[in-house]
Peer 1: 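The structure under discussion is supplied below as structure tokens; questions concerning it will follow.
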Amino acid sequence: MPNLYYLPGTARNTTRVILEGLPFEEIRTKQRRLDLAIQLAGLGRNDIVLTDSLGYSTFILALLKLLKGYRTIIRLRGDYFVALELLQSNSIKSRFKQRIMKHILKNSDLVVFNSHHVRKQEAYAFLEGKAEVVHNPLMMNFTSIDLDQLEQKRALSHRLKILSVTNFYYHDKVRPLADALEGWISDEFLQKNNIEWSIVGDGPLLDSFQEQFGGVASGGHISFHGFCQDVSAFYRSHHLFAHMSGFDSFPNVILEASVHGMPVITTPASGGTLEAMCDKETGHIVSDGQSFRRVILDYLDFPKLRRQHGRKGREFILNNFTIKHQREKMEAVLKKHFADW
């Protein structure tokens, strides 16, 4: 049986927890590039190296793969090509990086995506036959979440509370949120139906959103809370989760909101978000202001429906996206693509 090594490239623990319980060794990355190259060069020919790095470590790994012949797995944490275009536009540097990464992905033995949405993008069509999906798992401790207690607390609220958790780094990502705040709802609608919309997240576009939509501009019914280290209090106190996103590979916030019994309202353009919810069963997919308002009012007028969708959403997440489920997926993927593992 070959050795499995993990070369981390992110402070997030999603890949690490998926591998826990499987026989693997983690490669230290806090060292000089030469030291890392020497360490990688010492691996055996049939060994397997899994990385979620897209930096110099991946480049060194690809070069040494050609020399040593060991096998490599790249686990993409999102849509690499879209992220590169958003950060660097259509620059020469961006095109060069895309070519290099495409070559590295093409010559890897396996590429693991974190959503089917990204896997199906045309930019990755060249990976047919050596691409798999292992979703990011629910990282939050859900065992202490008592839905009965949460619903009792929510029932005491004199307002219907909507929550959004996002980042304000890309115009394309938050454009649907801006459209919803500007044209899909109004201060009159929120005030008449006694609805409060809380938005959590940070980024360079936040100030303009606060100025245009928050506080006095919305009669106090829309509030921005910036970055929050722990969003649990918002999940516990709010009734609905509105994810108005232009793209997402597979957002953790959907898993977290759903496990707290919150129905999810999202748009057809929200990418991997749609893999973590079921339309008309655990929430709703809406395409315009009329359907958005209708869904909100349905949940307002029929709290039993809201609780039903919230509980189905929690059940859906716990039946598909726990660490245990994704660990089993990863183990199956390894056995499928590496017969000697």
Side-chain angles (χ1 to χ4, degrees), residues 1-31 35-80 101-120 124-139 249-250 272 275 319-341:
M1 182 176 179
N3 296 314
L4 174 64
Y5 295 91
Y6 169 46
L7 178 62
T10 173
R12 296 181 180 180
N13 288 321
T14 53
T15 303
R16 187 177 288 105
V17 300
I18 287 173
L19 291 175
E20 284 179 7
L22 303 178
F24 81 98
E25 181 178 336
E26 187 167 329
I27 297 175
R28 293 180 295 110
T29 57
K30 293 183 179 180
Q31 54 189 321
D35 293 334
L36 177 61
I38 293 173
Q39 187 176 355
L40 290 172
L43 303 184
R45 181 175 183 81
N46 290 322
D47 288 339
I48 303 169
V49 184
L50 184 154
T51 184
D52 50 18
S53 167
L54 293 179
Y56 75 88
S57 299
T58 312
F59 184 69
I60 293 175
L61 184 65
L63 290 177
L64 290 174
K65 173 183 171 61
L66 297 176
L67 297 174
K68 297 289 295 184
Y70 51 62
R71 295 165 290 181
T72 58
I73 305 171
I74 297 178
R75 182 171 189 264
L76 292 178
R77 306 189 302 274
D79 192 333
Y80 173 80
M101 184 51 64
K102 186 174 183 179
H103 178 77
I104 291 175
L105 292 174
K106 188 175 183 179
N107 286 280
S108 181
D109 294 273
L110 177 64
V111 177
V112 178
F113 294 85
N114 73 346
S115 74
H116 294 284
H117 166 73
V118 179
R119 167 65 188 92
K120 293 176 182 177
Y124 302 99
F126 64 93
L127 293 172
E128 193 65 40
K130 59 176 183 179
E132 298 285 351
V133 174
V134 177
H135 291 91
N136 283 342
L138 172 68
M139 300 288 286
S249 57
F250 193 74
E275 295 170 38
N319 285 340
N320 293 279
F321 301 110
T322 63
I323 293 173
K324 179 178 180 292
H325 288 102
Q326 301 313 309
R327 186 175 295 158
E328 290 172 349
K329 271 191 182 181
M330 179 61 79
E331 185 174 12
V333 163
L334 289 169
K335 289 180 178 179
K336 174 183 175 181
H337 288 267
F338 304 98
D340 55 345
W341 192 82

Peer 1: Could you tell me which non-hydrogen atom of L4 sits nearest to which non-hydrogen atom of W341, and how far apart they are?
Peer 2: CB-NE1, 3.9 Å
Peer 1: Could K335 and E331 be called an ion pair, given the rule that one side-chain N must be under 4.0 Å from one carboxylate O?
Peer 2: yes
Peer 1: Looking only at non-hydrogen atoms, find the nearest pair between T51 and L7 and report the distance.
Peer 2: OG1-O, 2.8 Å
Peer 1: Do Y70 and Y5 have ring centres separated by under 6.0 Å?
Peer 2: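 Here the rings of Y5 and Y70 have centres that are no less than 6.0 Å from each other.
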Peer 1: If you round to the nearest 0.5 Å, how far is CG of L61 from OH of Y56?
Peer 2: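 Going from OH on Y56 over to CG on L61, the span is 12.5 Å.
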Peer 1: Check whether any side-chain N or O of D47 sits under 3.5 Å from a backbone N or O of N3 as a donor-acceptor pair, and report yes or no.
Peer 2: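 It does hold such a pair.
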Peer 1: Look up atom CZ in R71 and atom CG in L43, then write down how far apart they are to the nearest 0.5 Å.
Peer 2: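 Reported value, rounded in 0.5 Å steps: 12.0 Å.
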Peer 1: Would you mind reporting whether L50 and F24 have side-chain heavy atoms less than 4.5 Å apart?
Peer 2: no
Peer 1: Salt bridge check: are R16 and E26 linked by an N-O gap of less than 4.0 Å?
Peer 2: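 Answer for the salt bridge query: yes.
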Peer 1: Where the side chain of D109 meets the backbone of I73, is there a donor-acceptor pair that is under 3.5 Å apart?
Peer 2: no
Peer 1: Tell me if a side-chain donor or acceptor on E275 pairs with a main-chain N or O of H116 at a distance below 3.5 Å.
Peer 2: yes
Peer 1: Under the side chain to side chain contact (heavy atoms under 4.5 Å, CB included) rule, collect the residues that match up with K324, sequence neighbours excluded.
Peer 2: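 If we apply the side chain to side chain contact (heavy atoms under 4.5 Å, CB included) test to K324, skipping adjacent residues, the hits are T322, E328.
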Peer 1: Taking all atoms of both residues into account, what is the closest heavy-atom pair of H135 and N114, and its distance?
Peer 2: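 Distance-wise, the nearest heavy atoms are CD2-O, 3.3 Å.
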Peer 1: Around K130, counting heavy atoms of other residues, nucleotides and ligands shown, do more than 12 lie under 6.0 Å from its NZ?
Peer 2: yes
Peer 1: Please report the shortest heavy-atom distance between K65 and T72, naming the atom on each side.
Peer 2: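 So the two residues come closest at CD-OG1, 3.5 Å.
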Peer 1: By side chain to side chain contact (heavy atoms under 4.5 Å, CB included), which residues pair with N319, not counting sequence neighbours?
Peer 2: E315
Peer 1: Run S249 and S115 through side-chain hydrogen bond (donor to acceptor under 3.5 Å, both in side chains) and show every step you take.
Peer 2: CA-CA 6 Å; S249 57; S115 74; 5.4 Å; no
Peer 1: Mind checking whether F321 and F250 have parallel, tilted or perpendicular rings, split at 30° and 60°?
Peer 2: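 Because their plane-to-plane angle lies in the 30° to 60° range, the rings of F321 and F250 count as tilted.
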